Amino acid sequence: MINNVPWLTTIVFFPILAGLMIPILSSDGNKIIRWYTLGICLLEFSLITYVFYCHFQIDSQSLQLLETFSWIDSIHFRWALGIDGLSMGLILLTGFVTTLATLGAWPITPNTRLFYFLMLVMYSGQIGVFVSRDILLFFLMWELELIPVYLLLSLWGGKKRLYSATKFVLYTAGGSIFLLLAALTMSFSGSDVPSFDIQDSIDKSYPVSLEILIYIGFLVAYAVKLPIIPFHTWLPDTHGEAHYSICMLLAGVLLKMGGYGLIRINLELLTHAHFFLGSGLMLFGAIQIAYASFISMSQHNLKKRIAYSSISHMGFVTIGIGSLTDSGIDGAMLQMISHGLIGAALFFLAGTCYDRTRTYLLDQLGGVATTLPKLFTMFSIFSLASLALLGMSGFVSELLVFIGVSTTEQYSFPFKIVITLVGAIGTVSTSIYLLSMLRRMFYGYRLVNQSNSYLIDLGPRELFILICLFLPILGIGSYPNLILPI
Amino acid sequence: GFLVDSLSLTMAILVTTVGILVMIYSDSYMRYDQGYVRFYAYLSLFTASMSGSVFSPNLIQLYFFWELVGMCSYLLIGFWFTRSSAANACQKAFVTNRIGDFGLLLGILGLYWTTEKTGFVNFLFANIIIVLLFLGPVAKSAQFPLHVWLPDAMEGPTPISALIHAATMVAAGIFFIARIFKLILSLPLAMSIISWVGGLTALLGATLALFQKDLKKGLAYSTMSQLGYMVSALGIGADRSALFHLITHAYSKALLFLGAGSVIHSLEKIVGYSPNKSQNMFFMGGLRRYMPITGTTFLLGTLSLCGIPPLACFWSKDEIITKLWLSSSYLGLVASGTAALTAFYMFRIHLLTFEGDFRASQSDEIDFNYSPQSNKTITFSFWGKTELMKEPAIGQISQNAASLEFRVKNVLSTYFVDPNQSSQIDSSRVLLKPKESDFFMTIPLIVLAIPTVCIGVLGVDIPETQKELGFTSFFNWFVFSSNIFKEYKITEILFEILLDSIGSFSLSLFGQKQIFKSEFSSEKKIISVLGYFAYYAQSWSLNRGFIDYYYDLFFIRGTMFLSQVFLNFDRHIIDGFVNATGLGRGLVCGVDLDLVLSD
């Protein structure tokens, strides 16, 4: 094992440093910048793959590739990185989705340099969140993530982009305050020397009431990201307005940060509090699944419908984490990854559909299947994947979550039945809204607008992205052992 | 893994034979369709996953293929996606199946949970698990509360209706119950629930099939009714007879559907490509003269399904009815009544389609050009009045059906009131005659006719050798029940022929008997006696027993309402709170106010 090379630091810094090179590039046309960014993303992704392949033992449960440098000594703030199976899956997902999102962002023409630079910054920030082993560093990365998203939203969004961007920033910043507070409380309590290291914090023990307080503090921050139910309203607005390549990143990676944090910090560090509050999490998750899918049913905006479906799907993550069983947590993990792929694909499809029809409103769409057969096929495939059809990754994760719920020893029998039933209602209504979305978009025989006679089917670039997203979905779905050992 | 036993082998033989025949058949049926390749891709996927589900050794794998089969069904029902009715139908099918599948999944989870604990299993809980497991077959095999998707599923191409919605996929539910049969056998409560659901479905399906206008929908309800028989038989523990009936019914019904497809295929060129026309039995009639092979094989299928002795379904159905009588006289009564109804509606379908005169040419003419002659507009308005008088009785729900009906009546009335006139029109136009379908479509029909005729004799040997002692008493039952059958049948056939000689589907026209002139007076009495009953039966049948209506009212509207409530809650309460906070914070931070308020 080569510990000399700081692989993780390289992975984190490579995109942002490479992004700094963008202004130097010549500005004749977008082509160079596009290919440059894509190349960087690919390089980064292959770097990640290489590191994981060569320097990471999948068998061992412990943290690997640890790197620690002292950064600010006075508060014992250190640059500490490390990964385990949990973060590895999500890092791979980040790399994968970001690369495809870069490819998907090709139609963007105004101000490409800034756009691609921000994409690369986001890349770094996201990976940074998943590798950091220090709570303060985690917080920093968490915030670093926010800036590019805000700019990407407010510069390349739809009509209401400023409103959405502000809403997003206020929401997440509001959540982050709690995160910071909880992190500080945790580090100062129990010892005179503040320590932010996650490893140290595991060994600490707190009074139960304090632990619950800290737990809730963290939870608020994650609840905004994950969206847990009362904190979700930024998501439809943001997703409704953002450009679809950014939506891919938001749905594919950003939402997963909440789930990751919930597992990494709340589940691992605050086990007692988690034990108390797990039932609440499950309840919220179950309600969220049903609630969001019901809302999604009466949404007329295509992207908002998919956004609510995202919320609904993330409910499974919450339930799985709350179930306190191995299979439940595995299911939550898998659901994060599978939703990252499916959600990204659906947003991308909605965006490509918008590129052609110039509308997101379902009422104005309809009957485009005859002119856009490939889009129709892809949309059908991913909708079916999203409603957890067999053989797709969504099914495996939902099944695992339900197994987790039904086998958990912690809760009473009626409670489990309630959770399962509410989840079941959500699952059934998921199929209703997704299929009716398909029906209203593609089925029937109606020309969209007479003026839009230039509907052209998916090009090779778009097909490539979709197939890339589809393969892992199918792979995980038909052979979940690929990823479960992680 | 794979599991091969007699059960799965029987099913596999069924799936593959019907599958191959349907593939041969649809080569011709779909030749000119744009989605020819897509069709075969779906079809192969379906056959593969169906075989997979048949050979599954465990519930999870079975569930896996089960859902794949459901997906194929979804794709194939919505195959002609430009039809909005097909779009609605495939969504409905999928969602309904989804409800059942979820019950199944919960049942599997419950089973997993209880077997993992290996402790004492609560009796009630075990029953709950079985009922949950049963939900899957209820949806898949179109049993009573979740049957609504099956008639709509007829929007798919007809070979699909034959393969998926008559022979194999709907039978998968029966197969599933048979698979977990040993599990059920120890739970009498669940058993009785299952048998009653089956019995109820059988009766419901038969009554709904009575007055369908659409050829395929009539057959679909008939499928539902027959599946009810099987489920009911499983519920009383007669799994062998249920499977026997599954096989015989699958062949007969596949034959019937392929025959119907052949009819539709040839009729489409004449009356137009809308399913309202090409599948409408009022436009058919006398087709046996034009398409002898289809007509004869269809007749064989009809006879078999009605349970005429030497044919396949007779053996299996009588076995079921006998056993139902033995287990519970109520169920036996239901089953016998259903058998009588089956004979009625199947002969109605057959006679309307293949006997009498070909009605499409006239109707076509009048349908499109009924206005030019003033004489006709008068009758039109006259009929319109009677229609209005009738309407409150039918109720608002049947308005759609009534308006459709109205058109047909209009057509028929002009035809009957004034035969000379319509013949004039006929002569003025070169009539298209329906043709027999080509070789590749008739071959599967003939091949399917063989098992329809003789598979019953094969199957009946099994109980004979096994139950040597009990068979004598059974035999009496056989004779007795088949006697009942014949009696029923003779009256019904006579009745039907009588009706058809009026030639006008007269039960639906009881209110307008004064229109029929003296030459019809002999039939008047029958009409008036049966009129009231028939009228309600018709409206029941055409409105699908009002079940869809109430589903629509309670579930769909309820869901939409709930969804709207949630949306408003989300938009105004939660988001309103957020915006208000944002406004406050915006003041502090100096963010532009308009920006926040612009929502």
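Every chain is numbered from 1 and lettered A, B, ... according to where its sequence line falls, protein lines coming before strand lines. Since this is a predicted model, take the numbers as computed values, not measurements.
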Interface check, chain B: of A:Ile403, A:Leu438, A:Leu435, most non-hydrogen pairs under 4.5 Å belong to A:Leu435
Output, in order, the C-alpha distance, side-chain angles, deciding distance and verdict of side chain to side chain contact (heavy atoms under 4.5 Å, CB included) for B:Arg98 and A:Ile432.
CA-CA 9 Å; B:Arg98 186 94 182 150; A:Ile432 297 178; over 6 Å; no
Nearest 0.5 Å, what's the CG-OG distance between B:Asn97 and A:Ser431?
10.0 Å
Whether over 12 other heavy atoms sit under 6.0 Å from B:Tyr42 OH
yes
Could you pull out all donor-acceptor pairs under 3.5 Å where a side-chain atom in residues 376-390 of chain A meets a protein atom, sequence neighbours excluded?
residue  : atom : partner  : partner atom : Å
A:Thr377 : OG1  : A:Pro373 : O            : 2.6
A:Ser380 : OG   : A:Phe376 : O            : 2.8
A:Ser383 : OG   : A:Phe379 : O            : 2.8

Go through A:Thr420, A:Leu399, A:Val428, A:Leu421 and name the one with the most non-hydrogen pairs under 4.5 angstrom from chain B.
A:Val428
More than 12 non-hydrogen atoms from neighbouring residues, nucleotides or ligands closer than 6.0 Å to CZ on B:Phe65, yes or no?
yes
Which portion of B:Leu106 sits near chain A, non-hydrogen atoms under 4.5 angstrom:
side chain
B:Tyr63 versus chain A, heavy atoms under 4.5 Å apart: side chain, backbone, both or neither?
both
Hey, what do you get for CZ (B:Phe102) to CZ (A:Phe402), rounding to the nearest 0.5 Å?
3.5 Å
